[in-house]
Amino acid sequence: MSETFLEFQIPHQKLFNGIQFPLVLSPNPKSKTPPSSLSLFTQAIKTEKTFLDSVLHKSGAVLLRGFPVNTAADFNDVVEAFGFEELPYVGGAAPRNKVVGRISTTNDSPPDQKIPFHHEMAQVTTFPSKLFFFCEVEPGSGGETPIVLSHLVYEKMKERHPEFLERLEEHGLLYTRVIGEDDDLSSPIGRGWKSTFLTKDKSVAEERAANLGTKLEWLEDSVKTIMGPLPAIKFDKTRQRKIWFNSMVFAYIGWEDARNDPVKAVTFGDGKPLPADIVYDCLNILEEESVAFPWQKGDVLLLDNWAALHARRSFDPPRRILASLCK
């Protein structure tokens with residue numbers, strides 16, 4: 001039980017093993033000190049951190065709705081209040097910009113582009129364990145951030161495609177992406193190598209890439225990044241279950257721009273191509289099991305990157321969703 005936070009339900013949630021996904025918390029009207037200001041809200045987060053950690057662990061995603069969070073700076077204070085260490089965005093594909101403190105934009109690619117399901121930065125060896133999203137400006141229409149529980153995807157894939165899963169567990173996945181020097185905002189994977197590795201120096205880029213398990217092959221006006229082979233299935237020790245932790249569908253369907261052919265972007269770890277019908281069936285599973293709620297201004301979504309994958313639907317502007325990554 002919580003003094004400050006009250007669990008309530010929205011129409012788009014799903015129930016898994018008696019637990020709502022996402023779990024939605026709003027201000028408790030019976031609280032002696034209702035979080036009516038940002039400072040009271042951040043204080044409540046610190047005071048009730050054990051409760052918030054436990055509901056995140058149970059559900060995999062927690063939506064905080066109806067709290068006084070209005071700006072990027074407010075959101076930064078909320079993230080800070082949770083006390084998780086920041087993870088710099090090194091090695092990620094999305095073009096995004098710093099806003100304030102630990103806060104950046106989410107993928108800055110055009111609104112008509114969908115971003116398929118993925119665990120954040122699953123294609124590199126250093127990835128966040130938790131993600132925060134904040135709705136600063138509600139979408140005109142669409143623009144949801146669908147989420148899906150990773151262990152359910154693993155279970156469904158094992159049920160439908162056991163031999164494929166066996167191969168995947170044995171060989172892992174190899175990701176290949178060609179990136180330019182500077183950011184290309186027309187592409188959902190358009191982050192240039194200078195932004196990707198936070199440097200203008202090629203030798204520093206190579207060193208940082210190597211730390212992420214990535215090899216670089218320099219081309220005339222771009223660089224080929226080879227990531228992996230990386231495990232496609234991980235074991236979540238804290239919940240004692242296998243999870244579908246990879247960017248297979250994202251890369252196979254979404255890593256497409258002037259430099260990249262998505263079908264070649266991801267293969268088995270031994271270089272052999274993936275069967276298209278199974279990749280697309282995995283996409284069906286992700287869609288079937290997912291939850292997509294319409295964003296409301298002020299929403300803060302906390303996602304356990306070990307528990308859930310996320311995506312982005314296309315939208316009509318305006319829409320401004322901000323993010324923060326944590327170790």
Side-chain angles (χ1 to χ4, degrees), residues 1-36 38 40-69 74-87 102 119-120 127-135 144-153 234 236-241 243 245 289-296 298-310 321-327:
M1 288 295 290
S2 163
E3 155 70 17
T4 311
F5 301 99
L6 183 70
E7 190 181 334
F8 81 112
Q9 279 161 20
I10 57 173
H12 306 84
Q13 286 166 298
K14 285 188 178 176
L15 200 62
F16 297 110
N17 295 332
I19 298 157
Q20 294 286 356
F21 179 76
L23 194 112
V24 185
L25 297 174
S26 67
N28 184 350
K30 292 178 182 169
S31 171
K32 291 180 190 128
T33 52
S36 51
L38 181 67
L40 286 170
F41 179 38
T42 54
Q43 188 52 53
I45 291 168
K46 291 172 187 171
T47 306
E48 303 218 30
K49 180 74 167 40
T50 306
F51 166 75
L52 293 167
D53 284 346
S54 76
V55 292
L56 177 65
H57 189 262
K58 264 197 305 195
S59 176
V62 175
L63 175 63
L64 298 163
R65 176 167 281 180
F67 294 93
V69 190
D74 293 352
F75 175 43
N76 191 63
D77 287 352
V78 169
V79 173
E80 290 279 359
F82 273 89
F84 304 127
E85 201 178 333
E86 182 180 11
L87 182 88
R102 299 170 56 159
H119 280 282
E120 191 67 26
F127 50 84
S129 69
K130 294 173 185 70
L131 321 170
F132 286 89
F133 294 101
F134 166 61
C135 178
E144 297 93 342
T145 301
I147 52 177
V148 61
L149 285 165
S150 194
H151 72 287
L152 294 181
V153 181
K234 286 187 185 288
D236 179 356
K237 289 178 189 164
T238 67
R239 297 177 181 89
Q240 291 291 300
R241 63 193 186 196
I243 53 172
F245 196 95
E289 298 295 332
S290 70
V291 171
F293 59 88
W295 282 111
Q296 290 183 14
D299 280 352
V300 174
L301 176 66
L302 173 52
L303 211 55
D304 186 328
N305 198 35
W306 278 91
L309 302 94
H310 65 282
I321 307 296
L322 303 178
S324 185
L325 310 183
C326 305
K327 283 186 181 174

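In this text the structure is predicted, and so the values were computed from the model without any measurement.
Within the 3.5 Å criterion, the main-chain N or O of Val55 finds no donor-acceptor partner in the side chain of Ser59. Judged by distance alone, the side chain of Ser26 and the main-chain N or O of Arg65 form no donor-acceptor pair under 3.5 Å.
Screening residues 8-34 for salt bridge (Lys or Arg N to Asp or Glu O under 4.0 Å) gives no qualifying pairs among residues at least two apart or on separate chains. The stretch residues 53-64 participates, sequence neighbours left out, in these salt bridge (Lys or Arg N to Asp or Glu O under 4.0 Å) pairs: Lys49-Asp53.
The CG atom of Leu131 lies 5.5 Å from the CG atom of Leu303; values are rounded to the nearest 0.5 Å. Annotation: the span from Trp306 atom CH2 to Ile243 atom CD1 amounts to 5.5 Å, rounded to 0.5 Å. One finds the CG atom of Leu38 at 4.5 Å from the CG atom of Asp74 (value rounded to the nearest 0.5 Å). Leu23 contributes atom CG, which lies 9.5 Å from atom CG of Leu64 (distance to the nearest 0.5 angstrom). The line from SG of Cys135 to CD1 of Ile321 is 4.0 Å long, rounded to the nearest 0.5 Å. With rounding to the nearest 0.5 angstrom, the CG atom of Asp299 is 6.0 Å from the CZ atom of Phe293.
Not counting sequence neighbours, the partners of Phe75 by the ring-ring contact (aromatic ring centres under 6.0 Å, His included) test are Phe134. In this structure, the side-chain contact (heavy atoms from CB on, under 4.5 Å) partners of Ser31, at least two apart in sequence or on a different chain, are Glu3, Asn28, Thr33, Pro34. A search for side-chain contact (heavy atoms from CB on, under 4.5 Å) contacts involving Leu56 returns Val62, Lys130, Leu302, Asp304, not counting sequence neighbours. With sequence neighbours excluded, no residue forms a side chain to side chain donor-acceptor pair (under 3.5 Å) with Arg102. With sequence neighbours left out, Pro35 forms a side-chain contact (heavy atoms from CB on, under 4.5 Å) with Thr4, Pro27, Phe41, Phe67. By the ring-ring contact (aromatic ring centres under 6.0 Å, His included) test, His151 is found to be paired with no residue, residues two or more places apart in sequence or in another chain being considered. Contacts of Gln9 classified as side chain to side chain donor-acceptor pair (under 3.5 Å), with partners at least two apart in sequence or in another chain: none. In this view, Phe84 and Phe82 satisfy the ring-ring contact (aromatic ring centres under 6.0 Å, His included) rule, not counting sequence neighbours. Applying the side chain to side chain donor-acceptor pair (under 3.5 Å) criterion to Asp236, with sequence neighbours excluded, gives Thr238, Arg239. In terms of the side chain to side chain donor-acceptor pair (under 3.5 Å) criterion, residue partners of Ser2 (sequence neighbours excluded) are, by chain and number, Glu48.
The aromatic rings of Phe245 and His119 lie parallel to each other, their planes meeting at an angle below 30°, with 60° marking the opposite boundary.
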Can Glu7 and Val24 be said to form a side chain to side chain contact (heavy atoms under 4.5 Å, CB included), step by step?
CA-CA 6 Å; Glu7 190 181 334; Val24 185; 6.0 Å; no
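Annotation: side chain of Leu63 is in contact with side chain of Ile10 (closest heavy-atom distance under 4.5 Å). Inter-residue side-chain proximity for Glu289 and Phe16 is flagged as met; some heavy-atom pair is nearer than 4.5 Å. Leu52 is listed as a side-chain neighbour of Leu25, based on a closest heavy-atom distance under 4.5 Å. At least one side-chain heavy atom of Gln13 sits under 4.5 Å from a side-chain heavy atom of Pro22. Within the 4.5 Å cutoff, the side chain of Cys326 has no heavy atoms near those of the Leu87 side chain.
Closest approach of Leu301 to Ala61, counting heavy atoms only: CD1-CB, 4.4 Å. Of all heavy-atom pairs between Ala307 and Arg241, the closest is CB-NH2, 4.5 Å. The shortest heavy-atom contact between Ala308 and Gly60 is CB-O, 4.4 Å.
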